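Scope of the values below: all heavy atoms of this structure, side chains included, with no hydrogens, waters or symmetry mates. Computed from a prediction, not measured in an experiment: that's the story for all the values here.
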Amino acid sequence: MVFMPQTAAASNTQNNPKSEFLPAGQVWRRYGVSSMSLWRWVKDETLGFPKPFYIGRYRYWRLADIEAWESAQSFKAVA
């Protein structure tokens, strides 16, 4: 299974210096998936999708963790 980010969302996060953390909504848009799909990715240990951290009831992901996961996925596709 290969997941490719949408380029528009990726470029928006790279241009914003405050975007070291992505809220769940931005992660959904980045991959074009629903909230439930994102929840399943986090729960499925075989995917290795980064775990979020919580501020109150809101989920956030570190951009560096997301990008590292993307790199690992592209490496798996080539191998």
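Counting only residues at least two apart or in different chains, salt bridge (charged side-chain N to carboxylate O under 4.0 Å, His left out) contacts with residues 53-66 are absent.
When the side-chain contact (heavy atoms from CB on, under 4.5 Å) test is applied to Y58, the partners found at least two apart in sequence or on another chain are Y60. Scanning for salt bridge (charged side-chain N to carboxylate O under 4.0 Å, His left out) contacts around K51 gives E45, with sequence neighbours left out. In terms of the side-chain hydrogen bond (donor to acceptor under 3.5 Å, both in side chains) criterion, residue partners of S37 (sequence neighbours excluded) are, by chain and number, S34. Residues that satisfy the side-chain contact (heavy atoms from CB on, under 4.5 Å) test with R40, not counting sequence neighbours, are M36. Every residue meeting the side-chain hydrogen bond (donor to acceptor under 3.5 Å, both in side chains) condition with T46, not counting sequence neighbours, appears here in chain and number order: D44.
Here the shortest heavy-atom pairing between L38 and W61 reads CD2-CH2, 3.5 Å. P52 and V42 make their closest contact through CD-CG1, 3.9 Å (heavy atoms, listed as atom of the first residue, atom of the second, distance).
Both L47 and Y31 are members of a single hydrophobic cluster when ILVMFWY side chains are connected at heavy-atom separations under 4.5 Å.
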Might you work through the side-chain contact (heavy atoms from CB on, under 4.5 Å) test for L22 and R29, ending with a clear yes or no?
CA-CA 11 Å; L22 299 177; R29 286 188 294 278; over 6 Å; no
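Taking 4.5 Å as the limit, every side-chain heavy atom of F21 sits out of range of all side-chain heavy atoms of P23. Contact check for W41 versus V33: side-chain heavy atoms found under the 4.5 Å cut-off.
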